[in-house]
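So the structure is just underneath, and the comments pick up after that.
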Amino acid sequence: MPLHDTSYQHWDGVHLGLWRRRWAIAWNGLTATRQNKWIRHLVVLCWCGGLAMIALLFFVGQLLVADSIIVQWVGNLNPQLQDFVRMFTAWLEQHPEVSVRTTQDVLFYFFGVFLMPMSIFVLGMALPQFITRDLASNAIIIYSSKAVSRGDYLLGKFAAAFGLLVLTWLGPVCTAWFVGNLLAPDWRFFWHARIPLCHALIYGLSSMCILSALVLGVSAISTKEKSTISLWYTWWILGGVVVPIAAHTQPWLRHLSFNFNLDQIALAVFRLGDDLKIAQDNVPIFGTMLSNIRPDTMAALTSPAIGGALVALLLMTGLAAVVVGKRVKPE
């Protein structure tokens with residue numbers, strides 16, 4: 001019998017795995033971000049955008065129903081819009097395998113691009129919750145004492161940022177695609193719309209991974225919450241200001257904006273210029289409606305600067321990884 005009774009008992013409970021540890025970090029980080037009421041309001045706004053997208057897809061589908069309210073309402077439009085709707089409806093009926101794919105490709109491009117700035121703004125509001133506060137409170141040391149490696153910690157924080165983007169971007173997009181095609185008059189829309197969904201996932205998942213890495217890098221720069229938030233929004237806003245100026249001076253400066261680079265990925269993935277050309281060939285009046293688009297805008301749609309965008313984003317994520325690697329370590 002030992003001299004001093006330490007009351008030690010061998011643990012007989014369930015041993016939780018490594019991924020449960022990482023999940024706990026991710027879930028706690030995501031829960032902390034949802035405590036901000038403005039973040040909750042913006043998440044709801046993103047899902048309202050998803051409802052609007054579902055309504056738009058429902059509208060397109062109802063054009064194929066001869067006695068629908070939508071078709072009756074179209075009869076009250078001006079003659080030019082009536083001609084456009086008739087030609088568009090005929091195209092949907094005759095070639096659904098092309099028309100549905102092209103239409104949803106264009107719609108989900110604009111929907112995805114619309115949601116991305118809102119997601120970036122939400123990340124900025126939640127930014128201190130990722131690494132900044134842990135640096136300020138020396139929580140990294142506490143994590144290390146709990147047998148949580150730096151890799152586990154960073155993976156959990158990355159998952160928290162990624163999860164927030166799921167709420168603001170991926171969730172609304174996937175829900176809009178599924179419900180919108182579920183309400184279509186022909187369930188073959190699911191098959192015809194598979195390519196737009198793939199395009200949306202390629203663009204969305206790649207952008208979400210990049211933004212999650214960048215926001216961790218900015219969050220790790222300082223222990224002051226206002227400083228990291230200001231840096232994130234300044235980078236985002238100044239990038240938007242530089243893009244139109246650099247287009248006429250030094251085009252390579254546009255790639256300093258991560259938002260511009262993400263837009264180039266969207267254009268390269270969706271190939272919006274090809275979709276507009278297909279629609280123009282099948283609905284001639286659509287060409288007249290596109291005649292007001294500036295030549296430089298059409299050139300940007302057909303030939304995105306994808307090479308420079310990928311290089312710039314690779315450098316940005318690499319720099320963010322260096323910052324995180326130097327800042328997130330036990331002292």
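Quick caveat: nothing in here was measured; it's all calculated off a predicted structure. Because only heavy atoms are used, hydrogens play no part in the values below, and waters and symmetry mates are left out as well, while side chains stay in.
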Where do [X] and [Y] come nearest, in terms of heavy atoms and distance?
X      : Y      : answer
Thr317 : Ala213 : CG2-CB, 4.3 Å
Phe110 : Leu272 : CZ-CD2, 4.1 Å
Met118 : Leu42  : CE-O, 4.3 Å
Phe158 : Ser212 : CE1-CB, 3.4 Å
Leu216 : Val324 : O-CG2, 3.6 Å
Leu262 : Ser207 : CD2-OG, 3.7 Å

Is there a path of hydrophobic side-chain contacts, each under 4.5 Å between heavy atoms of I, L, V, M, F, W or Y residues, that connects [X] with [Y]?
X      : Y      : result
Trp252 : Val242 : yes
Val243 : Leu253 : no
Leu314 : Leu310 : no
Leu256 : Leu319 : no
Leu45  : Phe114 : yes

Crowding at CZ, Arg40 (>12 non-hydrogen neighbours, <6.0 Å) |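 Above 12, so yes.
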
State the [atom1]-[atom2] distance between [X] and [Y], to the nearest 0.5 angstrom.
X      : Y      : atom1 : atom2 : result
Ser257 : Ile237 : OG    : CD1   : 11.0 Å
Cys209 : Leu313 : SG    : CG    : 12.0 Å
Leu127 : Leu164 : CG    : CG    : 11.0 Å
Leu56  : Phe108 : CG    : CZ    : 9.5 Å
Ser227 : Leu231 : OG    : CG    : 8.5 Å
Met208 : Met116 : CE    : CE    : 8.0 Å

Chi angles and distances behind the side-chain contact (heavy atoms from CB on, under 4.5 Å) call for Trp47, Thr175 | CA-CA 9 Å; Trp47 283 91; Thr175 302; 3.3 Å; yes

Looking at Leu165, Thr168, Ile39, Val218, which hits side-chain contact (heavy atoms from CB on, under 4.5 Å) with Leu123?
->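 Filter result, single survivor: Leu165.
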
Give me the one residue out of Leu107, Val113, Leu115 that meets side-chain contact (heavy atoms from CB on, under 4.5 Å) with Phe111.
->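 For Phe111, the side-chain contact (heavy atoms from CB on, under 4.5 Å) check succeeds only for Leu115.
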
Heavy-atom side-chain proximity of [X] to [Y] below 4.5 angstrom:
X      : Y      : answer
Leu205 : Phe162 : yes
Trp177 : Leu57  : no
Gln104 : Asn181 : yes
Val269 : Tyr109 : no
Leu170 : Leu201 : yes
Arg327 : Ile131 : no

With no hydrogens and no angle check, is any side-chain donor or acceptor of [X] less than 3.5 Å from a backbone partner on [Y]?
X      : Y      : answer
Thr132 : Glu225 : no
Trp187 : Leu182 : yes
Gln264 : Ile306 : no
Arg101 : Ala193 : no

Mutual orientation of the aromatic rings belonging to Phe121 and Trp236 [parallel < 30°, tilted 30-60°, perpendicular > 60°] |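 The arrangement is tilted - the two ring planes meet at 30° to 60°.
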
Examine [X] together with [Y] and report whether their ring centres are nearer than 6.0 Å.
X      : Y      : result
Phe178 : Phe190 : yes
Tyr203 : Trp169 : yes
His255 : Phe260 : yes

Side chain to side chain donor-acceptor pair (under 3.5 Å) between Ser222 and Thr228, intermediate numbers included | CA-CA 6 Å; Ser222 174; Thr228 53; over 6 Å; no

Test the Arg194-Trp191 pair against the cation-pi criterion, namely NZ or CZ under 6.0 angstrom from the six-membered ring centroid and within 45° of the ring axis.
->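 Satisfied, under 6.0 Å and within 45°.
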
Give the intermediate values and the outcome of side-chain contact (heavy atoms from CB on, under 4.5 Å) for residues Phe59 and Ile54.
-> CA-CA 9 Å; Phe59 174 86; Ile54 292 173; over 6 Å; no

Verdict with supporting geometry, Phe258 and Leu211, side-chain contact (heavy atoms from CB on, under 4.5 Å) = CA-CA 9 Å; Phe258 61 84; Leu211 288 174; 3.9 Å; yes

Should Ile120 and Val215 be marked as a side-chain contact (heavy atoms from CB on, under 4.5 Å) after you check the CA-CA gap, both sets of side-chain angles, and the distance that decides it?
-> CA-CA 9 Å; Ile120 294 172; Val215 79; over 6 Å; no

